[in-house]
Each structure stands twice: as structure tokens, then as C-alpha cells.
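One structure below.
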2 protein chains.
Amino acid sequence: MNKKTTIYDIARALGITVSTVSRALNNVPTISEATRQLVLAKAKELNYSVNKIASSLSSGRSNTIGVIVPTMQIHFFAEAVHSIEKELKKHNYSLLLYQSNESYSDEVNGVKTLLEAQVDGIIASLSLETQQIAHFQEVIKQGKSLITFDRTHQDIAAPVVKLNDFEAGYLATKHLIEQGYKKIGFITTNKEIAIFQDRFSGFEAALKEADLPQLDDLIVRGELSIEAGIKGTEQILQSSIQPDAIIGGDDFTAVGIIQALKAAEIAIPATGVIGFANQTFSSFITPTLSSIDQQANKMGEECAKLFLKMVKQKDPYEDIEQVVLDPILIKRKSTCRIDN
Amino acid sequence: MNKKTTIYDIARALGITVSTVSRALNNVPTISEATRQLVLAKAKELNYSVNKIASSLSSGRSNTIGVIVPTMQIHFFAEAVHSIEKELKKHNYSLLLYQSNESYSDEVNGVKTLLEAQVDGIIASLSLETQQIAHFQEVIKQGKSLITFDRTHQDIAAPVVKLNDFEAGYLATKHLIEQGYKKIGFITTNKEIAIFQDRFSGFEAALKEADLPQLDDLIVRGELSIEAGIKGTEQILQSSIQPDAIIGGDDFTAVGIIQALKAAEIAIPATGVIGFANQTFSSFITPTLSSIDQQANKMGEECAKLFLKMVKQKDPYEDIEQVVLDPILIKRKSTCRIDN
DNA sequence: ATGAAAGCGCTAACAT
DNA sequence: ATGTTAGCGCTTTCAT
């Protein structure tokens, strides 16, 4: 493995200086087309390839962005990362990936790692554990572009891309009400995370608007998982009031609800079920599961666009944008009492 | 945003030289514990943080690995990337992600980009389009550690991590045979990709072993998707021979098969269905779908371990390892004629 | 155990 | 349009 060729080699071979070579390679206008061609030809001949590390050190820009997500095992995040990478690649940015694994300390470490790697910015979605946000303040303090999406925190003074989760909860609930459901349960998380709380607020608002009572016996707060959906449903079925619909905090929980209802020989959609996330499997299960689409791809794209806009500005934070995407109701069999 | 503190600042503040500071920060043995502590304390006081770009340029190691996968939209790859990142992070490596989007030219560009970024190695799974592999040869030529997984190419002289796909096809088929199915169909891709061909060979081998005929009318080659599963099943049902089981080239195709059978009012598992990949949804659908698990996590882990081993060697390619993981049969309702 | 100094490969004033 | 020359922040060999 022979030493890699550098711009010095090209310069020497051509009897010119490195600055000229650098200009030719970087399409700097103040250079004659003739020399540019000469340089490009020689570069190709010598199989030259830039060393971006050297370039970054010198220029102060790494053309790399760091992305922190809880885990790629969650489809939503994989999808968002997909879009971010796809979009940013078009503009010559590379993506450094870091998973927090839903751990606060890992997340703190991730920010540190990415900052040390001199990323030009960070796009992050918070871990379930995260309460403090000093690590993110540091990113802003260093003048790097920070964007948080989906799982955000109101004290972070940076642009945000998220779903209108209040609307998501409202939409799901209103849909149930329109289908004639009146005694609606909700199995959600007990964690104080904005998106889940917002969904619940939307649920409350829709009930109030329709003059329906909020039945506390039908509200379960715990985990979000298939298991939690099953347990939650069993608990609800024990209460004095029987629900005619149950909302799952996410699609996994909704699957649990479906399984528990089937086990109790309660027909669906006579009793309705709806979830959040519109996971791939939602359209395959029986009955197909109504859900609220979270627009992972759109979210990723918006994050990327926002980042590109921020890095272009002298002060990335001169105006802090907030992109709120509208949730999309996906009606399927699990809530289709009435034809549509 | 005040200039970041460098090791020069620490050196100046302590009246020592940068080399000493560097030694202290990097746990080089030849330094007194006293000065080390002094340096660490001052570093903390000045809120020092290394510039890994500078460190990389100087040392020649970036502590970054590049990962190329077709797309994070495919759960298997998201899962594999998850494991790679998780494992490598423990050893202080960062992960640069690049998606080929199933395009050959994108993949070539990805290798170029990662090489320019001076990654210490590349872990890749090939795009469906890839036939030529000169871009990967270049990685090897540069002495960087290359590992391909799952979608590999036999002409790449580098370590490989993959599933025993022959065994996967064999296992699935043998399971069906043991359940008493005799007229077994197979809906697979018409693309010449090793893993799919191997699965088919395993299918053939299992039939032969059991002295069962291979019924050409029940073999469909086209795409892999729900749609393809539906169309393929419809085509098979038109033939003179009625199948008593159909294998889907992947779980999506198997879902299509299930839907088509249901539509034709053919009972499952009276007619059996099995897929490959063990997607998340496989255990939620009705009936739950038997499948062959591809061990995405294990594959990612093995890739990471292999990489760590390679970078430790003077010549990464002194022995080219091949890790072949055993597929795991996941028996579910869609093939459970007999109790187990 | 510590210091001095030469790079790593490239960029970007500034000068010509 | 091209050349000259400092760095960018760190590592590492060679002295001491």
C-alpha cells in the first residue's frame, strides 16, 4: 500500500503550487480553465482522492452532521434517519449516527462524541430518560446547528420538527366518536413525555367537544408494549364500565389490546381499537389496525432542510423555526363500525 | 462563542509543553501521575474537549467506520446497523452511515465518500444492482478493513458475515414436510442474488431428500412483495395441481400469500405458509406467520467483532474469515398442522 | 519524565 | 491567475 497522493504530488508533477491545485480541485473561480483541466487530469492520473480530515481541520467545516436517536430498532427512527441521510447526501453532508439506547447518560456521551468529531450540527430525538438538557445547550453555545425532532424538550432553544400530537390525539378520538363509540378507553405511558401528554390532551379535548364523559376507570397509565396493551385491557375489562373503544398509546399497545379483546371474545370493531405510529404491520394484522401516521419520512426531510438553512446563516439561531406536521388518520377495519 | 480551548491553552496555563499535555490526555505510560492529574484537572477547568479531526490527521486513524447498506427502510438493515453501532461504540468507534438506495452508482459513490472521510474500515451489504466490485477492491487495496455481510459477492477478497441461506431454505421446507405438506409451492425473486438462490437450493435439496417431486407449476419467480405474493398465489391456484403449502421468498410475500389464500377461502394452516426474515409483524398477523429468522443483530455484532479484530492486525487480510450463522426456524400458526 | 520540533494534508489570507 | 506562507490542533520521534 503505497502512500496516498496529495495535492503536493499533483503540484510537483505540474510544476505549480498547492494553492493552485487546491483552487482547481475546489472550483474556485479565480483560476484559468486551462490549469483547472490540467490539474483535474493529473489528479485522475495519479488516482488522487481528497483527505477530508485535512480539509476539515483547515477549513473548520467537517461537512458531517451528527444524528442521535434512541434506537434504530424503532421503525420510526430508522425511517427518519433514512430520510435525513438521503436528503443531506445531496448536499455533500455525511451522517454520523449515534444511538442513545433510551439512556440519558448515553445521550450525553453521544453529544460529547459528536462534538469532538467536529460535526457541523446535530439532529436529535431525546431518550425517554432525558430530563436535563445541558448537553444540548452546549451544542448551541458552540454555535453549531441543533435541531430536535419528535421527542423534544421545550427548554432547548433550537428549531424543532414535530408532529402536532394534540391534533393526533384529537383526530383519533374524534374519528372514534364519529363512528359512534362513546365509552372510550386509553392505555398510555406514565412517563412525562410531551408527545404522549399532548395526545392525551387531544383525547380530552375531543371528548369535551362531543360532551362525552372522560371515564377514569378506562384510562390506564403504564408502559407502551404489546404486553402493556394486554394487561391494560384486562384491567379495563374488570371495571364496572365496559368500554366500546380503546386507544393504544402506540401501535404495539394497540396490538395488545386487540389480542386481549380477542381472548375475551369481544368482537372488533364492535369494540373499536386505534393506535399511533402506523407501523408497517398495522395493515397486515387482523383486523387491520386504524392508526395515526407519524410522517417519519417527512420529519426527516424537514430536519435536513432546516439544518441546511441553519448552516447557511451567520447565526444559526437568528430565527428559531418550529415545523409542526399534521398527523394523518389512517382508517382501517379496527374502527370501521360505519362504512366510509 | 469563544474560541475552543486547545492543548496549547492547557500547556500554557500549566507552564508545560503540549507533548506532555497530549501524553497526559492519552494515558501514555511515560508520564508522572502527578502531572497527569494536573493536566486532567486543568483540562476540566478550561472545559477542554479534544478535536478528533486534528487528532485523526496527525495520527492517521479516524476511529470511524463506514457502513453501507441498501436502505434503513428495510428492517433487517436497520437492525444490523443498530448492533454494529452499539458494539463499535464500546470500543470508541463512530459510525458513518451511507445508504446506497439499491443503486450501484450510489454505492460506488458511498465507498468513495467514506474513503475520503478516512474511515478505518467499511462494513457493507451490497445493493441489488451491484455486479462490478472494483470499488470494494479499492478499499482492500488501501489496506482498510472491509467486511461484507448478508448481500455479499464472492469476488470480494474480504471477510464475510452471512446466514447459511441454503440451510434456511432447507429448514423451512423440511419443517413443512414434517408437518405433512407434500405439494409445496415457492414464490421467489427472479433476480440472481446468492441468498435467494441458496434458499431455493435448500428447498430443492429438502424435497429431494424426502423423495417429493418439485412441482414447476407451483414455482413463481418475480418480485418479493405483498403484491407479488398475492399475484403469485393466484397464479399457482390456477394451475392443475393444488398446493398444500406455499413458501414466500420473504415475509412480505408470505403476507400476500396469506391474503390471497384467505380471499380464495382456503384455510390456513390446512394449507401452510412460511416466509423468511421473521419481521416484527410476523407474530402479529392472523394466523401468526412461521418464518426463518435472519439474525440481523447477531450479524451486526459479528461484523463489528470481525472489524475490531482486523484493525488490530498489521495486515487486516492475513486470514480472511467467513462467519456463517445458522438460520433459526420460528414455528408459528401458519404451518402448525400438527401440534408441537 | 519532559521538551523541542517536525509534520499530517489542506485552506485561505495576502502578496505578486 | 498564481505563488507564498501561516496556520488548523494534535501526535510522535528524537533529544535531554
Side-chain angles (χ1 to χ4, degrees), chain A residues 1-40 42-43 46-64 92 115-120 142-143, chain B residues 1-40 42-43 46-64 92 115-120 142-143:
Chain A
M1 160 195 159
N2 26 14
K3 280 225 84 356
K4 295 225 60 192
T5 76
T6 73
I7 54 174
Y8 280 91
D9 300 322
I10 299 178
R12 197 174 317 120
L14 253 30
I16 57 178
T17 65
V18 290
S19 31
T20 305
V21 175
S22 175
R23 287 186 189 104
L25 261 18
N26 292 292
N27 295 314
V28 175
T30 73
I31 192 176
S32 77
E33 192 51 30
T35 36
R36 158 169 294 127
Q37 292 310 331
L38 267 177
V39 170
L40 294 183
K42 184 58 79 178
L46 299 180
N47 192 24
Y48 170 78
S49 153
V50 275
N51 181 329
K52 280 196 195 138
I53 293 273
S55 163
S56 297
L57 178 60
S58 177
S59 71
R61 282 167 283 103
S62 67
N63 268 262
T64 293
N92 275 308
L115 249 22
E116 289 178 350
Q118 311 300 118
V119 294
D120 293 338
Q142 293 197 13
Chain B
M1 157 196 163
N2 26 13
K3 280 223 88 353
K4 296 226 59 192
T5 75
T6 73
I7 54 173
Y8 280 90
D9 300 322
I10 299 178
R12 196 173 319 117
L14 253 30
I16 57 178
T17 64
V18 290
S19 26
T20 305
V21 174
S22 176
R23 287 184 189 105
L25 259 19
N26 293 291
N27 296 314
V28 173
T30 73
I31 193 177
S32 77
E33 192 50 30
T35 36
R36 159 168 293 126
Q37 292 309 332
L38 267 177
V39 170
L40 293 182
K42 184 58 78 177
L46 298 180
N47 192 23
Y48 170 78
S49 152
V50 274
N51 180 330
K52 279 195 197 140
I53 293 273
S55 163
S56 297
L57 178 59
S58 177
S59 71
R61 282 166 284 103
S62 67
N63 267 262
T64 292
N92 275 308
L115 250 21
E116 289 177 351
Q118 311 300 119
V119 294
D120 293 338
Q142 291 198 14

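The CG atom of A/L40 sits 8.0 Å away from atom CD of A/E33, with the distance rounded to the nearest 0.5 Å. Atom CZ of B/R12 sits about 10.0 Å away from atom CG of B/L46, to the nearest 0.5 Å. Put simply, CD1 on A/I7 and CG on A/N26 are 8.5 Å apart, with the number rounded to the nearest 0.5 Å.
In this entry the distance linking CG of A/D9 with C1' of C/dC8 reads 14 Å, nearest Å. Here the P atom of nucleotide C/dC10 and the CZ atom of A/R61 are 15 Å apart, to the nearest Å. B/R12 places its CZ atom 20 Å from the P atom of C/dT2, with the value rounded to the nearest Å. Between B/I10 atom CD1 and C/dT2 atom C1' there is a gap of 16 Å when expressed in whole angstrom units. The CG-C1' distance, from A/L25 to C/dG9, rounds to 12 Å in whole Å. Rounded to whole Å, atom C1' of D/dT11 lies 10 Å from atom OH of B/Y8. Per the geometry, CD1 belonging to B/I7 stands 14 Å off P belonging to C/dA4, to the nearest Å. Taking atom CG of residue A/N63 and atom P of nucleotide C/dC10, one finds them 15 Å apart after rounding to whole Å.
Between B/I31 and B/T20 the shortest side-chain heavy-atom distance falls below 4.5 Å. Using a 4.5 Å cut-off on side-chain heavy atoms (C-beta onward), A/R36 and A/N27 make contact. Looking only at side-chain heavy atoms (C-beta outward), B/V39 and B/I16 come within less than 4.5 Å of each other.
Within 4.0 Å of B/T6, counting heavy atoms only, lie sugar-phosphate atoms of the nucleic acid but no base atom. Across all strands, B/R36 comes closer than 4.0 Å to no nucleic acid atom at all (heavy-atom distances). Within 4.0 Å (heavy atoms only), A/S56 reaches no atom of the nucleic acid at all.
Heavy atoms only, all atoms of each residue included: B/Q118 and A/V50 are closest at OE1-O, 3.9 Å. Scanning both residues, A/L57 and B/A54, for their nearest heavy atoms gives CD1-CB, 3.7 Å. Contact between A/T17 and A/A11 at its shortest, heavy atoms only, is C-CB, 3.7 Å. Contact record, B/N92 with B/N63: O-OD1, 3.2 Å, taken as the closest heavy-atom pair. Taking each heavy atom of B/S32 and B/T35 in turn, the nearest pair found is OG-OG1, 2.6 Å. When every heavy atom of B/L25 is checked against every heavy atom of B/A43, the shortest pair comes out as CD1-CB, 4.5 Å.
Nearer to the 5' terminus of DNA chain C, by closest-nucleotide assignment, is the contact made by B/L57 (compared with the other of B/L57 and A/S58).
Applying the 4.0 Å criterion to OP1 and OP2 of C/dG3, one finds that B/T20 has a side-chain N or O inside that range. Taking 4.0 angstrom as the limit, B/S59 places none of its side-chain polar atoms (N or O) nearer than this to OP1 or OP2 of D/dC10.
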Atom pairs, protein N/O to nucleotides 13-16 of chain C N/O, distance under 3.5 Å:
unit_1: C/dA13; atom_1: N6; unit_2: A/R23; atom_2: NH2; d: 3.4

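For DNA chain D, the neighbouring residues in residues 26-34 of chain B, judged by any heavy atom under 4.0 Å, are B/N26. For DNA chain C, the neighbouring residues in residues 47-55 of chain A, judged by any heavy atom under 4.0 Å, are A/Y48, A/V50, A/N51, A/A54, A/S55.
For B/T6, the side-chain contact (heavy atoms from CB on, under 4.5 Å) partners at least two apart in sequence or on another chain are B/Y8, B/D9.
From one end of the helix from C/dA1-D/dT16 to C/dT16-D/dA1 to the other, with five pairs defining each end axis, the axis direction shifts by 30° (rounded to 10°).
The stretch residues 49-60 of chain A participates, sequence neighbours left out, in these side-chain hydrogen bond (donor to acceptor under 3.5 Å, both in side chains) pairs: A/K52-B/E116.
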